[in-house]
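Since the structure comes first, as structure tokens, the remarks are kept for the end.
These figures come from a predicted structure and were not determined experimentally. For this chain, numbers begin at 1 and follow the sequence in order.
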Amino acid sequence: MATIVPERKRLSFMPQAFTPRLMMRAEAMVYQQAGTLSDDYNGGSWNFYTLSNDGFYFAPATTQRFKVSVHGNGYEGEVSADAFGIIVTLFVYGALCWIGNEKLRDKFSDHYHQLRDFALSHPEASAILQAID
């Protein structure tokens with residue numbers, strides 16, 4: 001289950017999801033990855049979510065749908081803002097798995113798998129999995 005992070009707790013979300021040292025870099029990576037994956041993305045507010053399995057993700061705070069193009073695997077599709085956020089966050093966690101020390105790699109790998117497990121029960125699971133494949 002996903003729960004939106006209330007406005008008053010947003011500042012504590014980033015260090016928890018990405019560590020205090022990497023939170024600014026990770027946030028920038030989210031926005032950059034969103035622009036890379038979709039020409040429909042033009043900035044805007046994002047919601048933060050915690051998962052019942054201790055995972056996290058971001059999603060644009062909009063009802064807009066996003067056309068997604070993943071050059072690395074040929075995926076082309078259109079998804080909800082929520083599914084788009086899951087895809088973007090999975091790409092960012094995947095990239096972060098390759099930096100830092102073993103403890104950080106384990107943290108980001110765990111977050112990637114927690115979010116991927118959540119994505120399996122998402123209504124757009126098929127599109128999410130195809131995008132990250």
Please, which pairs that meet salt bridge (charged side-chain N to carboxylate O under 4.0 Å, His left out) have at least one residue in residues 104-117, sequence neighbours excluded? none
Kindly work out whether a path of hydrophobic side-chain contacts (I/L/V/M/F/W/Y, heavy atoms less than 4.5 Å apart) joins Leu90 to Leu120. yes
For Ala34 versus Tyr41, what's the shortest heavy-atom pair and its separation? CB-CD2, 3.6 Å
Distance in Å, Asn53 CG paired with His113 NE2, rounded so as to fall on 0.5 Å steps: 12.0 Å
Determine which pairs satisfy salt bridge (charged side-chain N to carboxylate O under 4.0 Å, His left out) with at least one residue from residues 45-56, sequence neighbours left out, and list them in order. none
Distance check, rounded to the nearest 0.5 Å: Tyr49 atom OH versus Ile86 atom CD1? 9.0 Å
Taking Val79's backbone N and O only, do any of them form a donor-acceptor pair with Glu124's side chain (distance below 3.5 Å, no angle check)? no
Could you pull out all residues at least two apart from Phe56 that satisfy ring pair (Phe, Tyr, Trp, His ring centres under 6.0 Å)? Phe13, His111
Extract all donor-acceptor atom pairs below 3.5 Å that involve side chains of residues 58-69 and protein atoms in other chains or at least two apart in sequence.
residue	atom	partner	partner atom	Å
Thr62	OG1	Gln64	N	3.1
Gln64	NE2	Asp40	O	3.3
Arg65	NE	Glu78	OE2	3.1
Arg65	NH2	Glu78	O	3.2
Ser69	OG	Glu76	OE2	2.8

Please tabulate, for the side chains in residues 3-11, all donor-acceptor contacts under 3.5 angstrom to protein atoms that are two or more places apart in sequence or on a different chain.
residue	atom	partner	partner atom	Å
Arg10	NH1	Trp46	O	3.0
Arg10	NH2	Trp46	O	3.1

Would you mind listing every salt bridge (charged side-chain N to carboxylate O under 4.0 Å, His left out) that reaches into residues 87-102, with sequence neighbours excluded? none
Side-chain donor-acceptor pairs of residues 125-133 under 3.5 Å, sequence neighbours excluded:
residue	atom	partner	partner atom	Å
Ser126	OG	Gln130	NE2	2.9
Gln130	NE2	Ser126	O	3.4

Taking only residues at least two apart or on different chains, which pairs with a member in residues 114-133 satisfy ring pair (Phe, Tyr, Trp, His ring centres under 6.0 Å)? Tyr57-Phe118
Once side-chain hydrogen bond (donor to acceptor under 3.5 Å, both in side chains) is applied, do any residues pair with Thr50, and if so which ones, sequence neighbours excluded? none
Tell me which pairs pass side-chain hydrogen bond (donor to acceptor under 3.5 Å, both in side chains) where either residue lies in residues 13-27, with sequence neighbours left out. Glu27-Tyr31
Calculate, to the nearest 0.5 Å, the distance between atoms CD and CZ belonging to Gln33 and Phe84 respectively. 8.5 Å
I would like to know whether Thr36 and Phe91 meet side chain to side chain contact (heavy atoms under 4.5 Å, CB included); could you show each step before the answer? CA-CA 11 Å; Thr36 298; Phe91 270 98; over 6 Å; no
Nearest heavy atoms of Gln114 and Gly55, plus distance in Å: OE1-CA, 3.5 Å
Are Leu51 and Leu115 packed together at the side-chain level, in the sense that at least one heavy-atom pair is separated by less than 4.5 angstrom? yes
